[in-house]
Trainee: 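Submitted below is the structure of interest, expressed as structure tokens.
This chain uses plain numbering: 1 for the first residue, then up along the sequence. Counting starts at 1 for both ligands and their atoms, following the listed order.
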Amino acid sequence: MSTSSTPTCKLALVQLHVTADKDHNLANARSHVLEAASKGANLIVLPECFNSPYGTSFFPEYAESISDGPSVKALSAMAKDAKAYLIGGSIPERDPTDNKVYNTCTIYNPQGEHIATHRKVHLFDIDVPGKIRFQESETLTAGNQLTHFDTEYGKIGVGICYDIRFPELAMIAARQGCFAMIYPGAFNMTTGPLHWELLQRARAVDNQMYVAACSPARDLTAGYHAWGHSTIVGPGGGVLETMDEKQGIIYADLELEAMNELRRNIPVNSQRRFDLYVDVSKAKP
Ligand SMILES: O=C(O)CCC(=O)C(=O)O
């Protein structure tokens, strides 16, 4: 797929402090995106639900169209002014055609064009007694498509938060040629310490691809306490960069040649036994 002439992609994850003020959240995202670009980032990622508090009652209230709403306009301008690819975290989207609300990631090229959209396909419905109960399906509808987009650095797959628990997404992305799987996400104080890093490392090592997850910063005055710890994992499963729970930015160079060398050295890709099990990347168009 990629060659040594493919340019190196400098990835930035922007861990934002999210408030109840949408305009403030958009302005805060913009200043951090421009800061990341000024440090040379070519691919910038925002957190899940970066323009609204995270909670089922907030989603319908904050939801807007992704054709012409204020958030997509602001994201497009950020990408254009940063001259970088922007994975715009996620926002509550209201689709005017069905009036449903989705948890949606919009993606922009360095010209500010909206090039891809991922609606979270696995809704976060869990109940851990005494710890956390969250039912996104109370107000959200799940998306129905997997999302990959092309760049000059290679093809990239996108999921949102709970989507990372379903290994098929990353497996399909890798087998369909993606070199990285990026997840805007907002784990919590129960499942964050247990699974946030483990899931990223698992998705990376199984698929020999880069994996990154970008969280909001933790706000103990908010109803939902995000775990933070935005993290970038290499194709060998090692953590390249991570951070604490506060607002900030982390960076890593995504080197395709290093990934390809690992794939040559440990060639599981050419050793699979599809005579014994299904190739999930071929199961669906
Ligand atoms: O899977 C988890 O533990 C957390 C998922 C989550 O917070 C989300 O999907 O927004």
Trainee: Side chain or backbone of Trp227 under 4.0 Å from ligand 1, or both, or neither, by non-hydrogen atoms?
Mentor: neither

Trainee: Could you walk me through whether Tyr102 and Phe59 satisfy the side chain to side chain contact (heavy atoms under 4.5 Å, CB included) test, starting with their C-alpha distance in whole Å, then the side-chain angles of each, then the deciding distance to 0.1 Å, before giving a yes or no?
Mentor: CA-CA 8 Å; Tyr102 299 88; Phe59 301 143; over 6 Å; no

Trainee: Tell me the protein heavy atom at minimum distance from atom 3 (O) of ligand 1, and give that distance in Å.
Mentor: Thr191 OG1, 2.6 Å

Trainee: If the test is side-chain contact (heavy atoms from CB on, under 4.5 Å), which one of Gln200, Met243, Arg218, Glu197 qualifies with His229?
Mentor: Arg218

Trainee: Is there a polar contact between ligand 1 and Arg165, counting only N or O atoms under 3.5 Å apart?
Mentor: yes

Trainee: With a 3.5 Å cut-off and no angle check, do the side chains of Thr8 and Asp253 form a donor-acceptor pair?
Mentor: no

Trainee: Students should be able to answer this: which protein heavy-atom is nearest to atom 10 (O) of ligand 1, and at what distance?
Mentor: Tyr54 OH, 2.6 Å

Trainee: Check each atom of ligand 1 against the heavy atoms of Tyr224 and keep those under 4.0 Å away; list them by number with element.
Mentor: 7 (O)

Trainee: Between Tyr224 and Phe124, how do the two ring planes meet: parallel, tilted or perpendicular, split at 30° and 60°?
Mentor: perpendicular

Trainee: What protein heavy atom sits nearest atom 7 (O) of ligand 1, and how far off is it?
Mentor: Ala186 O, 2.7 Å

Trainee: Examine the proximity of ligand 1 to Lys120 and report which part, side chain or backbone, both or neither, has a heavy atom under 4.0 Å away.
Mentor: side chain

Trainee: Has Gln145 got more than 12 heavy atoms of other residues, nucleotides or ligands less than 6.0 Å from its CD?
Mentor: no

Trainee: Rounded to the nearest 0.5 Å, how far does NZ of Lys120 lie from SG of Cys105?
Mentor: 11.5 Å

Trainee: Is the Lys NZ or Arg CZ of Lys155 less than 6.0 Å from the centre of Phe179's six-membered ring, within 45° of the axis?
Mentor: no

Trainee: His195: heavy atom below 4.0 Å from ligand 1, yes or no?
Mentor: no

Trainee: Specify side chain, backbone, both or neither for Phe134, according to which of its non-hydrogen atoms lie closer than 4.0 Å to ligand 1.
Mentor: neither

Trainee: Evaluate Asn188 for polar contact with ligand 1, using N/O atom pairs at a separation under 3.5 Å.
Mentor: no

Trainee: What I want to check is whether the side chains of Thr221 and Asp219 have a donor and an acceptor closer together than 3.5 Å.
Mentor: yes

Trainee: Taking the minimum heavy-atom distance to atom 5 (C) of ligand 1, which of Ser215, Gly159, Ser90, Cys161 ranks first?
Mentor: Cys161

Trainee: Run the numbers for me: atoms of ligand 1, each under 4.0 Å from some heavy atom of Glu48, listed by number.
Mentor: 8 (C), 10 (O)

